Amino acid sequence: MAKTGEIAAFALGEKKTAMVNLPAQFVTSSTADMKGQKYSDLVDYADNSEKTSDLNNESMNDLIDLKEQFSKPGYANRNSAVTETHPIFGSDKLNYDNHDISVLRKDLDEAQKNGNNIHELAFSIRGDWLVKNNLYDPETRMIDQNKLKHAEQEVAKTLINKGFNLPLGEDENDVVWFGVIHQDTDHLNMHLWFAKKSQETRPEMIKQEGKYKGQPIGVIPLEVIEQAKRQFRKQLMSSQELRRHQEILKGVGGFKKEIVETAPENLLNDRHAKAIKQIYDALPKDMKGRWQVGNAHLIAGKGKMAKANQLTNQLLDDLFEKELKPEYEGFKSLVQEYDVINIEDQGVMHKGQHKWSENKEDELRKRLANQLYKHLAQIEDTSINDIDQQISELLSQVKQRDKSSNADKTKIVSSPQEKKLTPKPTANKVNPNSNHVGDQTPLRGGSFNKISRLWCQDIRAEKNAERQFLRIQKNIEEEKTRKQNKSQFL
């Protein structure tokens, strides 16, 4: 990141850099006291003539260190970085006037006097992303600052309430925070500072050992910072970009649903009977009832489940190459398309990081494998011949059950356009009145009938849970839209 010497002259064409970076840092009150620094030095009255000017083209490796900010009077609202007369904002107002600044300074001094840390996070936002989401016009250099500020107001709540073992404030008036938009570098930077006002006495919020024993906890967990970045991105996305994301995710979910729902009828047929028998033989019998892929990948070569996992992975490869090839190829195409979006938004993947598509495929394969293991555990382990007979029974029951439902295939969304999948005929159709599956052993009901029913019940339960989740998400989005519309009139 570098100074540009101009306002809102953001760099464009940086396709491989992260859309939003969010470095976090904090300073303890004892450190500031020792150096004669005051938290309130970060702000100053909105008098342009009193603000420092540091226009230059100096290259910087990172955002200026929080400790150094104290040495620059009025750093937050310095004239060289802002365009508004009153650029400071907080939880209740988008532009603090001189009275608001006075109250803010007193609150910051109170927080320091009571021994609390001051935290700073800075959103460094790429120019390309601002343009793509209608937040910045490079020709006029106009910025939708109100929308950016509203987004930071929401993110501040997440960081303050979820960034520590307990909410930072003991009530809603116990935290002081403020933010500002800086425009004097090649990326737009949004700063957020916050601190607890009253003295911290809660054991959960104080270091209990080590060098900093007795001092308030300062580090915000990485997962909370990542959550804040996701929240910030989602709130600022244009409606067009949101639709683009939603259409791809809807398509991925549609293909996944189709694969999961049709897996039983396509796995439990005569063509795969031998492979399923090999998987069952490879499952560790001393772990029966606890057969799970767990945290390992299906192709991992260690542990008692390794052989069964590898055989199951081969079975799924075969399934995706034959019976479920259209659905699987559609799934792969869309998750890879979402990888491209993630690189645009988050930058090139770090070494060792898994792509979103890889994680989604791993989840799908694990889900199918665990379903198979769960239901294979229902087999009554008596003799090899009896197991073969039970497998034969399951194949027959599944084919009889699914024969009548083949006409009701679900139409799913494969991209922004809908893709219709041609229903596939059930393999080796069975005469409902027959007691044989081809030349297989006669049916006698039993364990595999139960497995078939349980598998279908699991799928129905998952579908119901998914519908409920979608209803909740819809209500959340509607409430968010209502609040945004209301805020525009404030």
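None of these values were measured; they are calculated from a predicted model.
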Donor-acceptor contact below 3.5 Å, side chain [X] vs main chain [Y]:
| X | Y | result |
| --- | --- | --- |
| N266 | E323 | no |
| R243 | S238 | no |
| W291 | P284 | yes |
| D174 | S198 | yes |
| K285 | L283 | yes |
| S333 | E329 | no |
| N116 | K196 | yes |
| D339 | W356 | yes |
| Y212 | G218 | no |
| D171 | N173 | yes |

For [X] versus [Y], what's the shortest heavy-atom pair and its separation?
| X | Y | result |
| --- | --- | --- |
| L368 | L316 | CD1-CD2, 3.9 Å |
| G179 | E152 | CA-OE2, 3.7 Å |
| Q208 | P203 | NE2-O, 3.0 Å |

Within the structure provided, determine whether [X] and [Y] are in side-chain contact (heavy-atom separation under 4.5 Å).
| X | Y | answer |
| --- | --- | --- |
| F123 | L188 | no |
| I217 | N117 | no |
| V293 | T312 | no |

Next on the checklist: Would you say that more than 12 heavy atoms from the other residues, nucleotides or ligands in this model lie under 6.0 Å from the CD of E223, or not?
Outcome noted: yes

| said: In terms of relative ring orientation, are Y338 and H245 parallel, tilted or perpendicular, with 30° and 60° separating the classes? | reply: perpendicular

| task | Would you please classify the geometry between the F164 ring and the H119 ring as parallel, tilted or perpendicular, with 30° and 60° separating the classes? | result | perpendicular

- Query: Are a donor atom and an acceptor atom from the side chains of D317 and Y328 found within less than 3.5 Å of each other?
  - Reply: no

**Item:** Chi angles and distances behind the side-chain contact (heavy atoms from CB on, under 4.5 Å) call for W129, E241
**Value:** CA-CA 10 Å; W129 193 83; E241 277 300 301; over 6 Å; no

